[in-house]
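In what follows, a single structure is set out as structure tokens and then discussed.
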Amino acid sequence: MPARIIDGKAIAAALRADAGRDVASLPFQPGLAVVLVGDDPASAVYVRNKHKATVEAGMASFEHRLASSTSEADLLALVAKLNADEKIDGILVQLPLPNHIDATKVLDAIDPAKDVDGFHAVNAGLLASGRSGLVPCTPAGCMRLIASLGQNIAGKHAVIVGRSNIVGKPMAHLLLAADCTVTVAHSKTANLAELCRSADILVAAVGRPEMIKGDWIKPGAIVIDVGINRVPTPDGKGRLVGDVDYAAALPVAGAITPVPGGVGPMTIACLLANTLAAAKARRP
Ligand code: NDP
């Protein structure tokens, strides 16, 4: 039997609608500030989509577009201003930042209570120690996709391929908190195919097109494909694929997220959920 396809688009739409209803019931309007430095085309698309979703949910969206030549000091001054602005509940600095700016320094300058990306060291520490804080949006979205299957995942072996601070590591903490037995793999991991075959839940967050083959997947496994990779096509437009060979995985997995339409839409929906949570915590 082919895998159940996890419809991230529909699940994200429901979450966004919930956020919109919640916003409408509040006595104030939550505000999200998004800062974009430079003109990376992919970042510009993400920022545009975030703005659109924020406004659709009834929140106030404040966009700050800065030239790629902006100094670190000027960016830090903007973050300080946004931290102090009462209208703003969430601050997101779009990554990547230009090379002359220390991204860690900027992320750690954001007020942790407004850190809706969940990348601040305080929020990362809270997650790692099993306490509540703002959780990074992409892994939070992956957990919602897994939860949508309604399966008991306690005791399951989860393998995460990728150990970045924005996906792999927070995903490991979330799955651990859900009582999975977690293995985190990376570029130095030996026998990766064999390790993946032992996974009841396989999360791919690598950034390598279709690296994970059909015969790396345990029959019936839940496969969450975080990867977004553009590969060339004869018409020159290119197409998006994940880190998993989807066609080969489909007949083997128990459930799988497509690319596009799986994890991607969840990231923005969880950003709205985080902004709402930050607003409620700040303005009780
Ligand atoms: P990073 O480049 O920060 O991390 C990639 C990870 O993959 C690293 O830990 C790296 O290992 C590991 N890796 C690289 N090559 C191999 C290999 N051959 N075998 C095993 N592990 C390997 O990427 P991100 O975590 O930021 O993103 C991962 C993917 O997810 C990308 O395609 C990105 O576009 C996508 N993404 C999608 C989002 C969404 O909204 N759907 C949001 C964020 C990311 P090492 O640490 O040893 O170098």
Side-chain angles (χ1 to χ4, degrees), residues 6-13 15-16 34 40-50 52-53 92-97 99 103-104 107 116-119 124 127 135-146 148 158-175 182-199 202-213 216-217 223-231 238-246 256-274:
I6 306 173
D7 187 348
K9 224 171 145 179
I11 296 166
L15 184 58
R16 284 165 58 169
V34 176
D40 175 60
S43 294
V45 172
Y46 291 139
V47 167
R48 204 166 48 239
N49 290 341
K50 283 167 188 171
K52 198 166 157 260
L92 183 153
V93 177
Q94 183 66 44
L95 300 178
L97 288 169
N99 287 335
T104 306
L107 296 178
V116 285
D117 249 344
F119 297 159
L127 180 62
V135 174
C137 302
T138 301
C142 293
M143 291 306 290
R144 286 180 187 265
L145 294 178
I146 294 170
S148 76
V159 172
I160 303 156
V161 190
R163 57 173 163 181
S164 71
N165 289 336
I166 65 170
V167 188
K169 281 183 200 148
M171 192 69 212
H173 292 304
L174 290 169
L175 285 164
V182 178
T183 305
V184 182
H186 47 77
S187 67
K188 307 290 187 296
T189 297
N191 304 323
L192 184 62
E194 202 180 308
L195 179 67
C196 290
R197 268 193 294 275
S198 73
L202 180 61
V203 181
V206 185
R208 289 180 181 255
E210 299 178 326
M211 184 189 92
I212 293 181
K213 307 301 175 198
W216 294 25
I217 291 165
V223 179
I224 304 292
D225 191 353
V226 184
I228 302 177
N229 311 286
R230 188 167 286 280
V231 293
R239 86 191 154 90
L240 292 182
V241 299
D243 290 341
V244 177
D245 181 345
Y246 183 76
I256 188 167
T257 58
V259 177
V263 175
M266 293 302 290
T267 300
I268 290 184
C270 289
L271 174 67
L272 300 182
N274 272 358

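Counting convention: from 1, in listed order, for ligands and their atoms alike.
Counting heavy atoms from C-beta on, the side chains of Leu271 and Leu92 come closer than 4.5 Å.
With Asp245 contributing its side chain and Glu210 its backbone, the two residues share no donor-acceptor pair below 3.5 Å.
The two residues Ala53 and Leu272 have their closest heavy-atom pair at O-CD1, 3.8 Å. Residue Leu175 comes nearest to Ile146 through the heavy atom pair CD2-CD1, 4.1 Å, listed as atom of the first residue, atom of the second, then distance.
Ligand 1 is surrounded by Thr138, Val161, Gly162, Arg163, Ser164, Ile166, Val167, His186, Ser187, Leu192, Ala205, Val206, Gly207, Arg208, Met211, Val226, Gly227, Ile228, Asn229, Val263, Gly264, Thr267, each with at least one heavy atom closer than 4.0 Å.
The environment of NZ in Lys213 is crowded: more than 12 heavy-atom neighbours from other residues, nucleotides or ligands sit within 6.0 Å.
Rounded to the nearest 0.5 angstrom, Met211 CE and Cys196 SG are separated by 6.5 Å.
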